[in-house]
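Bear in mind that the values here come from a model prediction, so they are computed numbers and not experimental data. Convention: sequence-line order gives letters A, B, ...; per-chain numbering from 1. For the numbers below, each heavy atom of this structure counts, side chains included, while hydrogens, waters and symmetry mates do not.
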Amino acid sequence: MEQGVIDLSALGSGFDLQSTLESGQSYLWWREDGEDFDDTTQYGGEAWYLTTARVDGDPAVIRVRQHEGRLEWEATVDAKPILFRRLRLDDDLGSIRATAPDDEVIEQAYDTYWGMRLVNDPPFGSLISFICSAQMRVSRIHGMQQSLREAFGTPVEFDGSTYHAYPTPEQLAEATETQLRDLSLGYRAPYVQRSAELVTEGTPIDVRDLPYEEAREALTEFVGVGDKVADCILLFSLGYNEAVPLDTWIRQTIEEYYPDCERGNYTETSRAIRERLGGEHAGYTQTYLFHFLRNGGGDDLGE
DNA sequence: ACCCAGGGAAAGT
DNA sequence: ACTTTCCATGGG
């Protein structure tokens, strides 16, 4: 087992592992203590989190916790470069926040969860997990990814236990719709199977060579991926900080705080709220808003 | 029983 | 192009 420590005070801006991993951005991590990522979660804990990764195609297991101002990790490989990439430890939160409008609700969101970073999930896991996210609660989306791992992922030994890597496109493409429905994926089952198959046939997930709106359009070629899911993949896996996924929560936020940004269709509303939230890093600000409001923040603001 | 959950595809105008 | 309708499932 390899292990190491990352000194978070050297980052120049804060870091909060729990809000980063439990804010509904990523469904590819889980808590070692088995607690769900739900509304009742207590903040301020120092739980161990696990995920899997691929290094030159080989599955690896990583375990990490935030403790006394440091990020402690244990893994089957050298996890330091993986953690810097997946937890975006090089992001300069101060300059990102500086692009946001200084509305009261946004200030409160940033203050409350300061240190939360966007995640940078592996593209395939991001694609599949957000296909699964349609009309589904956060804790159940997590559960589905765990089920997919255990049913189709390659076993990996780590610290005396057996874990399962996230399935490869080939492994999920070979799954049957019936198998996937048996994992409680519901009507998403054929979407997952077909999209995995499209990946194996060469449809690209990594569309980072395209400008933002073209990239979003390109991702909707996958089955089960519309504008909202495409925005999630762009924001939480491909580094498009300007992407603002228009989900039920942000639509409610627009109605309550930015009603003039509602333009009647996804493309135009997206442009308006993106501009309102500062453009370049609008998705970063949106993620703070989402997490803050979903956990009950802002209830005492306005009315 | 009823409603909702980080929506999207398909069918109908 | 724009607007309903239907889709599975578990938890409140």
- Query: Would you call A:Arg276-A:Asp260 a salt bridge at under 4.0 Å N-O?
  - Reply: yes

Write out a two-atom table: protein N or O, nucleotide N or O from nucleotides 3-6 of chain C, distance below 3.5 Å.
none

In whole angstroms, the gap separating P of B:dC4 from CH2 of A:Trp249 amounts to 13 Å

With sugar-phosphate meaning primed atoms plus P, OP1 and OP2, does A:Gln286 contact a base, only sugar-phosphate, or nothing at under 4.0 Å between heavy atoms?
base

Per nearest nucleotide of DNA chain B, the residue lying toward the 5' end, A:Phe130 or A:Val223, is A:Phe130

Sorted by chain and residue number, the side chain to side chain contact (heavy atoms under 4.5 Å, CB included) partners of A:Gln135 (sequence neighbours excluded) come out as A:Tyr187, A:Arg188

Residues in residues 143-150 of chain A with a heavy atom under 4.0 Å of DNA chain B, by number, are none

So, A:Arg251 and A:Glu255, do they make that salt bridge, N to O below 4.0 Å? no

Between A:Asn241 and the options A:Glu280, A:Gln286, A:His281, the side chain to side chain donor-acceptor pair (under 3.5 Å) test singles out A:His281

For B:dG8 versus C:dG10, give the span between their P atoms, rounded off to a whole number of Å. 22 Å

Joining Ile, Leu, Val, Met, Phe, Trp and Tyr whenever any side-chain heavy atoms lie under 4.5 Å apart, the cluster holding A:Trp30 also takes in A:Met1, A:Leu50, A:Val61, A:Val156, A:Phe158, A:Tyr163

Comparing nearest nucleotides in DNA chain B, the 5'-proximal residue of the pair A:Gly24, A:Thr220 is A:Gly24

Taken to the nearest whole Å, CZ/A:Arg294 to C1'/B:dA5 is 10 Å

Between CG of A:Asp36 and C1' of C:dG12 the distance, given in whole Å, is 15 Å

Taken to the nearest whole Å, CD/A:Glu217 to P/B:dG8 is 13 Å

query = Does A:Asp33 come within less than 4.0 Å of A:Arg31, counting only side-chain N to carboxylate O?
reply = yes

_Presence of salt bridge, A:Arg97 and A:Asp111, under 4.0 angstrom_ = yes

What protein N or O atoms touch nucleotides 7-10 of chain C N or O atoms at under 3.5 angstrom, if any, and at what distances?
{"residue": "C:dA8", "atom": "OP1", "partner": "A:Arg181", "partner atom": "NH1", "Å": "3.2"}
{"residue": "C:dA8", "atom": "OP1", "partner": "A:Arg181", "partner atom": "NH2", "Å": "2.8"}
{"residue": "C:dA8", "atom": "O4'", "partner": "A:Tyr187", "partner atom": "N", "Å": "3.2"}
{"residue": "C:dT9", "atom": "O2", "partner": "A:Arg140", "partner atom": "NH1", "Å": "3.0"}
{"residue": "C:dG10", "atom": "OP1", "partner": "A:Ser184", "partner atom": "OG", "Å": "3.4"}
{"residue": "C:dG10", "atom": "O4'", "partner": "A:Arg140", "partner atom": "NH1", "Å": "3.3"}
{"residue": "C:dG10", "atom": "N2", "partner": "A:Arg137", "partner atom": "NH2", "Å": "3.0"}

Does the salt bridge (Lys or Arg N to Asp or Glu O under 4.0 Å) test come out yes or no for A:Glu242 and A:Arg271, once each step is laid out? CA-CA 10 Å; A:Glu242 67 268 50; A:Arg271 287 177 181 166; over 6 Å; no

Problem - Short N-O contact, A:Asp16 and A:Arg117, less than 4.0 angstrom - result: no

Compare side-chain N and O positions of A:Ser133 against OP1 and OP2 of B:dA5 and report whether any pair is under 4.0 Å apart. no

With A:Ile131 as partner, the option from A:Val225, A:Ile233, A:Val223 fulfilling side-chain contact (heavy atoms from CB on, under 4.5 Å) is A:Val225

Separation of B:dA9 atom P from A:Glu221 atom CD, nearest Å, is 12 Å

Item to complete: For nucleotides C:dT3 and B:dA5, find the distance between their C1' atoms and express it as a whole number of Å.
Response: 23 Å

Atom CZ of A:Arg251 and atom C1' of B:dG8 are separated, to the nearest Å, by 12 Å

Here the distance between atom C1' of B:dC4 and atom CD1 of A:Ile141, to the nearest Å, is 13 Å

- Message: Within the structure provided, determine whether A:Leu83 and A:Lys80 are in side-chain contact (heavy-atom separation under 4.5 Å).
- Response: no

A:Arg216 atom CZ is separated from B:dG7 atom P, nearest whole Å, by 16 Å

A:Trp48 and A:Ile82: same hydrophobic cluster, using ILVMFWY side-chain contacts below 4.5 Å? no

Sidechain N-carboxylate O distance under 4.0 Å for A:Glu201, A:Arg194: yes

- Query: So does A:Glu72 pair up with A:Arg65, basic N to acidic O under 4.0 Å?
  - Reply: yes

Contact check, residues 224-243 of chain A vs DNA chain B, heavy-atom distance under 4.0 Å, returns A:Gly224, A:Val225, A:Gly226, A:Asp227, A:Lys228, A:Val229, A:Phe236

